[in-house]
Amino acid sequence: MARPLGESFFERGAETVARDLIGCYLVRKRGQKLFKHRITETEAYTGPHDLACHAARGRTMRTEPMFGPAGTLYVYLVYGMHWMLNVVTEPVNYPAAVLIRSVDTITGPGRLTKTLGITGALNNRAAAVRNGIWFVKDDHLDPLQVVRTKRIGVEYAGPIWSPKPYRFISIAHRHTRPS
DNA sequence: GGGAGGATGGAT
DNA sequence: TCCATCCTCCCA
């Protein structure tokens, strides 16, 4: 399988990265077990101007990972119980990220992290083999076709940013929750 | 120091 | 439709 996606892949706009991650693999190693899942749903959080992006409210302890290098993991707790897995995009000091919402057999960002054992322990670490979590592209497989919708659960971001079509879903998996 | 609210998911 | 559950951030 192809080698892990690195900084050059993630050091682009969050929309572009979110789109390109559809069809790529998320790989997780726990002990001797390797879990490889094809990514089917993502969302882009595009920067400090994006009112749905945590970084829109400034550089804080929580958002610090988003200011790090492309490919950094941003893992935070939502609703007091669900870990959300994000990967940071854009160059250092530009806070943007992509939320991994679903993979082939696991729908929902909270279920994804729970199933793969992803917690805040991985926050601010690089997506890399040495950390037991990384991304790969497989050029031998056909890329999945993609549709775009608005993002889930960001009504608070207001009439401009809430409807932005920054959610990407594989067509073959578009039953993955209505929007 | 206090309070509101959230990038969800499971039960009712 | 309800609510579990707790961290973050804003305000005083």
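Proteins come first, then strands; the chains are lettered A, B, ... in the order of their sequence lines, and each starts at number 1. What you are looking at is a predicted structure, and each value in this text was computed from that prediction instead of being measured.
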Quick one: label Met81(A) by what it contacts on the DNA or RNA (base, sugar-phosphate, nothing), any heavy atom closer than 4.0 Å.
-> base
Quick one: NE2 on His37(A) to CG on Leu112(A), what's the gap to the nearest 0.5 Å?
-> 8.0 Å
Mind checking Arg62(A) for me? I need base, sugar-phosphate or nothing, with any heavy atom below 4.0 Å counting as a touch.
-> sugar-phosphate
At under 4.0 Å, does any side-chain N or O of Tyr156(A) touch on OP1 or OP2 of dA7(B)?
-> yes
Cation-pi between Arg12(A) and Phe9(A): NZ/CZ under 6.0 Å from ring centre and within 45° of the ring axis?
-> yes
Is the base of dA4(C) touched by the side chain of Tyr79(A) through a donor-acceptor pair closer than 3.5 angstrom?
-> no
May I have the distance from Glu155(A) (atom CD) to dT8(B) (atom P), rounded to whole angstrom?
-> 11 Å
Ignoring backbone atoms, establish whether Arg101(A) has a side-chain N or O less than 4.0 Å from OP1 or OP2 of dT8(B).
-> yes
Does OP1 or OP2 of dT8(C) have a side-chain N or O of Thr60(A) closer than 4.0 Å?
-> no
Gly110(A) near the nucleic acid: base, sugar-phosphate alone, or nothing, with a heavy-atom cut-off under 4.0 Å?
-> sugar-phosphate
State whether His54(A) places a side-chain N or O below 4.0 Å from either non-bridging phosphate oxygen (OP1 or OP2) of dA7(B).
-> yes
Roughly, in whole Å, what's the span from CG in Leu77(A) to C1' in dA4(C)?
-> 12 Å
Nucleotide dG6(B), atom P - distance to CD1 of Ile152(A) in whole Å | 15 Å
Could you state the interatomic distance from NE2 (His82(A)) to OG1 (Thr113(A)), rounded to the nearest 0.5 Å?
-> 8.5 Å
Whole angstrom value for the distance that separates P of dT8(C) from CZ of Arg57(A) = 13 Å
Separation of atom CH2 in Trp83(A) from atom C1' in dG6(B), rounded to whole Å | 14 Å
Answer with yes or no after comparing the ring centroid distance for Tyr94(A) and Phe67(A) against a 6.0 Å cut-off, counting only values under it.
-> no
Please state how far atom OH in Tyr74(A) lies from atom C1' in dC7(C), giving the value in whole angstrom units.
-> 11 Å
Find the partner of dT8(B): check Watson-Crick (N1-N3 plus N6-O4 or O6-N4) and G-U wobble (N1-O2, O6-N3) distances, both under 3.5 Å, and reply none if neither fits.
-> dA4(C)
Report the C-alpha separation of Arg38(A) and Leu141(A) in whole Å, then their side-chain angles, then the decisive distance to 0.1 Å, and conclude whether the side-chain contact (heavy atoms from CB on, under 4.5 Å) test is met.
-> CA-CA 11 Å; Arg38(A) 206 158 185 218; Leu141(A) 284 177; 3.8 Å; yes
Interatomic distance, Glu64(A) CD vs dC7(C) C1' [rounded to whole Å] | 17 Å
Provide, to the nearest angstrom, the distance between the CZ atom belonging to Arg151(A) and the C1' atom belonging to dT8(B).
-> 17 Å
